[in-house]
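Computed from a predicted structure; not experimentally measured. One-based numbering along the sequence shown.
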Amino acid sequence: MKTPVSLPDVAAETDQRGVALHAVGIRGLRLPVLLRTPAETTQQVIAVADLSVDIDAEQRGAHMSRLVETLYEWASEPRAPAEVKALLQTTRDRLNSRSARLQMQFPYFLQVPAPVTGTPGLLDVEVEWDCRLNNGAPCAVSAFVFPAMTLCPCSKAISKYGAHNQRALARIWVQTRDHLPRLPDEYLPLVQRSASSLVYPVLKRPDEKFVTEYSYENPRFVEDVARELALHLSEREELIWYRVECESIESIHNHNAFAMYESPKRK
C-alpha cells in the first residue's frame, strides 16, 4: 500500500494584501432536496444553491469542497425550512468564519383543485430563500412567485363585448419575526383573494366557464392586486417586513404592466 502523498494546502496560506472578503463560496450547485411541508408531508425539489462564508484578510482562500460536502450532507434527509439555520451554523463552523449565507431557488408544487369539478392539479410556485447567519444572528427573506390572472377594469368599462385578461405573476417577499425561511402554502389564499382569479393547473369546461365569469366580475389592475396583497399581508402578525409586486403579461400590449409596494420594517 502506497504512503499518501502530502499535498500543499494553498488555500490555507497567509495573504499579505490586507483585504478581508465578505463572501467566498460556490454558486449554482444543483441538487435534490427533500422538504417537510406545512401539511406534514414531504416534497422533493430540485434546488439551485449558492453557499458562501466570509474570510479574514490574512486567509488566502476558503476550502470550497467543504461547502459542497455540507450541502450534500444537509440535503441527505428530509428537512423543514427552519433547519436552514443549522446548515448555516455547520457551514460557518467548518470554515472557521463569522458568517454564512445560503441562497436557494426551487420550484414548489401546491395542490390546487379545479374550482367547480374539483379535478386535482399541481400549481408550481417559484421559491427563493436568502438566509444569512452573522455572528450567531440569523436573517432570512423568502420570495414566492405565484401565477395568477388579471382582467382589466378599464377594458371592461369601455368595451361593448368582454374585457381583455391575461396571466399575471404575483410576487411576495416576506421576512418573519423568527428570522427563518418559509414555504408558500399559507400565502396562496392571499393571492386568490387579491387577483381577478387564480390560475388553475387543470380546467374542465365547467371550470373554464367559472374562471371566465369570475374574473369578469372581479376586474383588477396590477395596482389593485398590489394594494390588496399589501393589505392582507399587513394583517399577518408573523411578518416584520414584506414586499409585493404584480406583473401582468399583457395580452393587448407589447409590454408588461407592474405595480409594487414595500412595507416599512416593524419592530
Side-chain angles (χ1 to χ4, degrees), residues 9 11-12 20-56 59-110 124-145 171-188 236 238-243 265:
D9 188 352
L21 298 177
H22 296 93
V24 175
I26 59 172
R27 177 170 289 164
L29 178 67
R30 199 178 298 265
L31 76 165
V33 178
L34 195 59
L35 294 173
R36 290 196 179 100
T37 74
E40 302 299 329
T41 62
T42 57
Q43 182 177 147
Q44 189 172 59
V45 301
I46 302 301
V48 179
D50 304 350
L51 186 61
S52 61
V53 295
D54 69 305
I55 62 172
D56 292 331
Q59 183 178 344
R60 183 172 181 185
H63 293 91
M64 303 287 187
S65 62
R66 295 179 188 176
L67 298 172
V68 178
E69 290 171 337
T70 303
L71 269 173
Y72 283 164
E73 290 171 10
W74 183 83
S76 66
E77 57 185 271
R79 298 292 185 179
E83 293 180 82
V84 166
K85 182 179 178 181
L87 167 65
L88 294 175
Q89 289 172 329
T90 301
T91 302
R92 183 195 59 189
D93 294 344
R94 281 188 176 178
L95 283 94
N96 298 313
S97 299
R98 287 179 297 271
S99 67
R101 181 181 183 183
L102 172 72
Q103 294 169 279
M104 183 179 287
Q105 304 90 36
F106 53 90
Y108 181 82
F109 291 88
L110 294 170
D124 57 303
V125 177
E126 291 297 322
V127 177
E128 182 172 352
W129 291 342
D130 188 352
C131 309
R132 306 172 191 235
L133 191 67
N134 293 314
N135 293 317
C139 175
V141 174
S142 304
F144 315 118
V145 182
R171 300 184 176 98
I172 298 176
W173 294 259
V174 296
Q175 187 174 8
T176 57
R177 294 188 184 279
D178 60 11
H179 303 289
L180 296 172
R182 280 293 208 277
L183 289 171
D185 305 58
E186 60 191 306
Y187 300 105
L188 178 65
R236 307 285 298 217
E238 80 273 15
L239 300 183
I240 59 173
W241 172 87
Y242 62 87
R243 184 168 74 217
K265 273 282 184 75

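A salt bridge is absent between Arg101 and Asp54; no separation between the charged side-chain nitrogens and carboxylate oxygens falls under 4.0 Å. A salt bridge links Arg98 to Asp56: at least one charged side-chain nitrogen sits closer than 4.0 Å to a carboxylate oxygen.
Nearest heavy atom pair, residue Leu88 against residue Ala100, reads O-CB, 3.6 Å. The minimum heavy-atom distance linking Ser142 with Pro181 is given by the pair OG-CA, 3.3 Å. Summarising the geometry of Val125 relative to Val145, their closest heavy-atom pair is CG1-O, 3.4 Å, with the distance given to 0.1 Å. Among all heavy-atom pairs drawn from Gly25 and Leu67, the shortest one is CA-CD1, 3.5 Å. What you find for Ile55 and Ala62 is that their closest heavy atoms are CG2-CB, 4.2 Å.
Here the CH2-CG distance, from Trp74 to Leu102, works out to 7.0 Å after rounding to the nearest 0.5 Å. Note: Leu71 CG to Thr91 OG1 = 6.5 Å, rounded to the nearest 0.5 Å. Atoms CZ and CZ, from Phe144 and Arg171 in turn, are 14.5 Å apart once rounded to the nearest 0.5 Å. Taking CG from Leu183 and OH from Tyr108, the interatomic distance works out to 4.5 Å, rounded to the nearest 0.5 Å. Rounding to the nearest 0.5 Å gives a distance of 11.5 Å between OG of Ser65 and OH of Tyr72. The OG atom of Ser97 lies 9.0 Å from the CZ atom of Arg92; values are rounded to the nearest 0.5 Å.
Among residue pairs with one or both ends in residues 75-107, those qualifying as ring pair (Phe, Tyr, Trp, His ring centres under 6.0 Å) are Phe106-Trp129; sequence neighbours excluded. Screening residues 59-69 for salt bridge (charged side-chain N to carboxylate O under 4.0 Å, His left out), with sequence neighbours left out, gives Glu13-Arg60. Among residue pairs with one or both ends in residues 30-40, those qualifying as salt bridge (charged side-chain N to carboxylate O under 4.0 Å, His left out) are Arg36-Glu83; sequence neighbours excluded.
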Just do the side chain to side chain donor-acceptor pair (under 3.5 Å) check on Arg94 and Thr70 with the steps written out, would you?
-> CA-CA 9 Å; Arg94 281 188 176 178; Thr70 303; 3.0 Å; yes
Go through Arg236 and Glu186 one step at a time and tell me if the salt bridge (Lys or Arg N to Asp or Glu O under 4.0 Å) criterion holds.
-> CA-CA 11 Å; Arg236 307 285 298 217; Glu186 60 191 306; 2.7 Å; yes
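Gln105 places none of its side-chain heavy atoms less than 4.5 Å from the side chain of Val127.
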